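One structure follows; several queries about it will come next.
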Amino acid sequence: MTFFSPTAIPADLVEGLNPPQRAAVEYRGDALLIIAGAGSGKTRVLTHRIASLIATREAWPSQILAITFTNKAAAEMRERVGHLLGEAVEGMWISTFHSACVRILRREAEKFGYTQGFTIYDSADSKALLKRIVKALEAESMGVTVSTAQNRISALKNELIDPDGFARQVDSTNPRDQLILEIYRQYQRQLERNKAFDFDDLIAQTVWLFRAFPEIAALYQRRFRHILVDEYQDTNHAQYALIRELTRGAEPQHVPADTRIPLAADGSIPPASLTVVGDSDQSIYAFRGADIRNITEFEKDFPGAETILLEQNYRSTQHILDAANAVIGNNFDRRPKNLWTAAGEGAKIVGYTGYSAHDEAQFVADEIHKLRDGGISFNDMAVFYRTNAQTRTLEEILIRSAVPYRLIGGTKFYERAEVKDIVAYLMTIANPADELSVRRIINSPKRGIGPTTETAISIFAQDNDITYREAMGRAKELGLGPKVTNAIGDLEHILAEAEESIDPSRNTGAVSVSDMLAKLVQRVGYVEKLRATGNPQDDARAENVEELINVAKEFDKQHPDGTLVDFLTEVALVAAADDLDDESGAVSLMTLHTAKGLEYDAVFITGVEEELLPHRMSADEPGGLAEERRLFYVGITRARKVLHLSLAMTRTQYGESSVAMPSRFLQEIPDALIAWRQSPGMATSRGGERPRALNATGFGAGSGGRRAVGSRSYGEMPRGEGLKSEFKPTRGNRQFDNQITGAVKDNSDLVLEIGDRVKHTDFGEGTVRNVTGLAKKRIAEVEFDDVGRKKLLIKVAPLEKL
DNA sequence: TATAACAGTATTTTT
DNA sequence: TACTGTTATA
């Protein structure tokens, strides 16, 4: 066994690493499992390992395939490897599973009867397709909803079970399963007819491709000599199978003729080396098929594998780690692991119990200002929550408290109807076979083509065995009214024109993606029609469309040779975390799931309540509670210096407010680690501290009882509506700066000076201590008589000068 | 065909 | 609450 390469690893690639980290960089063998606790420097190990392989000439950059969880992580890893080697490295594949598979599938598409420009359906697209099928089969009446069908099919694909495979194992006496099977068949047939893949297909079809065509697989088995997979605990069966295929040595008869790498004695391609990094304690995607056994049984799967444990944490203080260890220790059935640090104890964890979600949010806002005054920049702070619905209250309070923030994920830019519409136009142009996309845009903007006409075209296409688009081209034969016929003809003409202009076979004068898009939008009159309504919401929509054109311009700038298909691929595969930019000067808001892999000086975990942090939906799933605990663990371990845990006594959801109990996870943290500003006990007891904000009217001073917990309690606040509809989203997330436009209540004319007495609807009376900021961003710092000092954004504060 | 008004309902996490 | 789907009416 030769563990060490002939060329020594340059010293600077191992210096400064601790012994296990160093061992992980130096190990040379077929399979390596790195169990990397949170904050143990695994990205460092991975980048150094890749750099060492290249520096020693053991591998060319093109022989490396590294799989990361997000595109952002991929970009970062690429940059760090380049930095270590002192030059940009070309030819490495560093990407997500999905991106890598798309690349392979596009390259090989023609070999299995697909088109290179196939469309990628996101979950909303597949939902729309399934909706049609479910409706046609009247499956809802049998208790099969669109989302059940979607979930079942997704799970089947993750297990690499195709409709035929499902037919073999399905319980034929179960009518619902029979129905699912039929839906699955039709769905898959339509995807194929539309030349489209859904997210799950991207992985599954690649595996299928490799299995069906060993000589194609051999191309990649030969190419990728070193495969590295990050976040291995979150891989599903299909992804696991893909890795297995890639690390399988190719049989001699499939080895391509021009192979120059050393072959085994029998002429086969030896298996590639595999490095996986993960932490079973951070597995949080079981709900979408992640199989923790992939990591726990790695050594069985790859006999002779080396395992290296990284336990020293370089991120958090000991108090934070103690809490994390204590919490995760309640999960049985795990390989024991104890994170430790040399960083010292650090500050205690801060706990706070609000009377309401508003109160809790106000606490977060106040603390953010305090931390900022203490020298931590907004960039280095993050607020986490279990569900996206929690953002509403947080946003409302953060805006009014003048805390700049950005939402990561949430209702994403690309999920907005108007953006999806325009993207559907592009999909139609890139792939005329895609019926779903044409039908989405056939009457948007309104052209007088209703459901009747739409169905007529569909039937005509079926009867004549032509595509939907071809049927549109022969609109005259449909025998419809002249108005509708013209409308169809016009649309068809615009689409054909756009197709012509972007045609990849034209080698001269090809129009850029953004130019084509801009012209298309103009020809269709999409923005124009939105502007004409005079509705402020439509104005915001128009801006979104314009923003999409800007995104395309940016794409053209970054990829001068990029095609429309490339652009659509990028649009389809952006992840929530990809949009993070570290220089924004704003606090980041995101779900606990999105937080994985990130770190911040100060972290707030909000809504640490029963039913929410172990989420009620997890209760009846096997292993659900353990997964929720891991999620909490992930959240805790994101914090470098300060951790805040907060909850509310009542939470309003779906218009109804109900009493919330502290999460059981809180009790798993030793008391000594948490300094409660207001503990769950204090908040309920009579002598407890007065509520910080009086906005939980009827709950606070005296009146007691839970009679008044209705949602009207916040009646005096400007309700979110007006504010929210004005938000101008930038790609993927909305930013503070853009949100303060003409809100419901515009206070921007209010002139305040130091010493002025003011009255606030929630906080009562107070004295202005300071005024900062300009114009619409003027911020008043007010010392309230009852609730202390607060910073308020004057423009939106319910404030009155006395 | 488009729109407004109404009723019913589902509520997690995401590539 | 907020979104979807249905129904009535223009």
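In what follows, chains are A, B, ... by sequence order, proteins preceding strands, each numbered from 1. All values reported here derive from a predicted model rather than from experimental measurement.
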Problem set entry | side-chain hydrogen bond (donor to acceptor under 3.5 Å, both in side chains) partner of Asn330(A), the single match among Glu668(A), Arg664(A), Arg629(A) |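 That would be Glu668(A).
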Exercise. Under 4.0 angstrom, heavy atoms only, what part of the nucleic acid is Phe97(A) near: base, sugar-phosphate, or nothing?
Worked result: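 The answer is nothing, as Phe97(A) stays clear of every strand by at least 4.0 Å.
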Exercise. Rounded to the Å, how far apart are Ile442(A) CD1 and dA2(B) P?
Worked result: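 To the nearest whole Å, that distance equals 12 Å.
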For this session: Determine the interplanar angle of the Phe199(A) and His98(A) rings, folded into 0 to 90°, and report it as parallel if under 30°, tilted if 30 to 60°, perpendicular if over 60°.
Result: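 Perpendicular.
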For this session: Quick one: label Asn443(A) by what it contacts on the DNA or RNA (base, sugar-phosphate, nothing), any heavy atom closer than 4.0 Å.
Result: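 The answer is sugar-phosphate, as Asn443(A) gets under 4.0 Å only of primed atoms, P, OP1 or OP2.
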Exercise. Which whole-number value in Å describes the distance from His358(A) NE2 to dT1(C) C1'?
Worked result: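 To the nearest whole Å, that distance equals 13 Å.
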For this session: Would you indicate what Lys483(A) reaches in the nucleic acid, counting non-hydrogen atoms under 4.0 angstrom: base, sugar-phosphate, or nothing?
Result: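 Nothing, no heavy atom under 4.0 Å.
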Kindly give the atom pairs (protein nitrogen or oxygen, nucleotide nitrogen or oxygen) under 3.5 Å for nucleotides 6-10 of chain C.
none

For this session: Check every atom of dA2(B), dG5(C), dT14(B) against the side chain of Lys446(A) and return the nucleotide holding the closest atom.
Result: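 Within the option list, the nearest is dA2(B).
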Could you run down the sub-3.5 Å N/O contacts of the protein with nucleotides 9-12 of chain B?
from	atom 1	to	atom 2	distance (Å)
dT12(B)	O4'	His615(A)	NE2	3.4
dT12(B)	O2	Arg386(A)	NH1	3.1
dT12(B)	O2	Arg386(A)	NH2	2.6
dT12(B)	O4	Glu621(A)	OE2	2.7

Exercise. In terms of the angle between their ring planes, are Phe287(A) and Tyr285(A) parallel, tilted or perpendicular, with boundaries placed at 30° and 60°?
Worked result: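 Ring orientation of Phe287(A) relative to Tyr285(A): tilted.
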Exercise. Between the main-chain N or O of Thr235(A) and the side-chain N or O of Asn294(A), is there a donor-acceptor pair closer than 3.5 Å?
Worked result: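 Yes, the answer is positive, given that a donor and an acceptor are paired below the 3.5 Å cut-off.
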Exercise. 5'-most contact on DNA chain B: Asn151(A) or Pro451(A), nearest heavy atom basis?
Worked result: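 So the residue in question is Pro451(A).
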Exercise. To the nearest angstrom, how far is Lys131(A) atom NZ from dT4(C) atom C1'?
Worked result: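 Result: 7 Å.
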For this session: Determine which pairs satisfy salt bridge (charged side-chain N to carboxylate O under 4.0 Å, His left out) with at least one residue from residues 135-152 of chain A, sequence neighbours left out, and list them in order.
Result: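 Pairs touching residues 135-152 of chain A that pass the test: Arg152(A)-Asp177(A).
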For this session: For Ile284(A) and dT14(B), give me the distance from atom CD1 to atom P, rounded to whole Å.
Result: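 Result: 9 Å.
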For this session: Determine the interatomic distance between P on dT4(C) and the same-named atom on dT13(B); round to the nearest Å.
Result: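 Per the computed distance, 16 Å lies between those P atoms.
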For this session: Classify the nucleic acid contact of Ser123(A) as base, sugar-phosphate or nothing, counting any heavy atom under 4.0 Å across all strands shown.
Result: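 Since a base atom lies under 4.0 Å of Ser123(A), the category is base.
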Exercise. Gln390(A) has an atom CD; how far is it from atom P of dT1(C), in whole Å?
Worked result: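 Taking atom P of dT1(C) as the reference, CD of Gln390(A) is at 18 Å.
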Exercise. Are Glu231(A) and Lys596(A) close enough for a salt bridge, meaning some N to O gap below 4.0 Å?
Worked result: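 Result for this pair is yes, salt bridge flagged.
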Problem set entry | Donor-acceptor side-chain pairing of Thr68(A) and Asp230(A) below 3.5 angstrom |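 Looking only at side-chain atoms, Asp230(A) and Thr68(A) do not form any donor-acceptor pair under 3.5 Å.
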Problem set entry | Test item: Tyr405(A) side-chain N/O and Leu589(A) main-chain N/O as donor-acceptor pair under 3.5 Å |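 Here the side-chain-to-backbone pair does not exist.
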Problem set entry | Ile605(A) side, atom CD1; Ser646(A) side, atom OG - distance, nearest 0.5 Å |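 Nearest 0.5 Å value for the CD1-OG distance: 9.0 Å.
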Exercise. Roughly how many Å is it from CG in Leu242(A) to P in dT15(B), rounded to a whole number?
Worked result: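 About 19 Å, once rounded to whole Å.
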For this session: Please state how far atom CD1 in Ile605(A) lies from atom P in dT13(B), giving the value in whole angstrom units.
Result: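 After rounding, the gap between these two atoms is 17 Å.
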Problem set entry | d(OH, Tyr240(A); P, dT15(B)) in whole Å |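 The distance from OH of Tyr240(A) to P of dT15(B) comes to 25 Å, rounded to the nearest Å.
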Exercise. Going by atom types alone, do Asp538(A) and Thr533(A) pair a side-chain donor with an acceptor below 3.5 Å?
Worked result: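 Distance-only check passes for Asp538(A) and Thr533(A).
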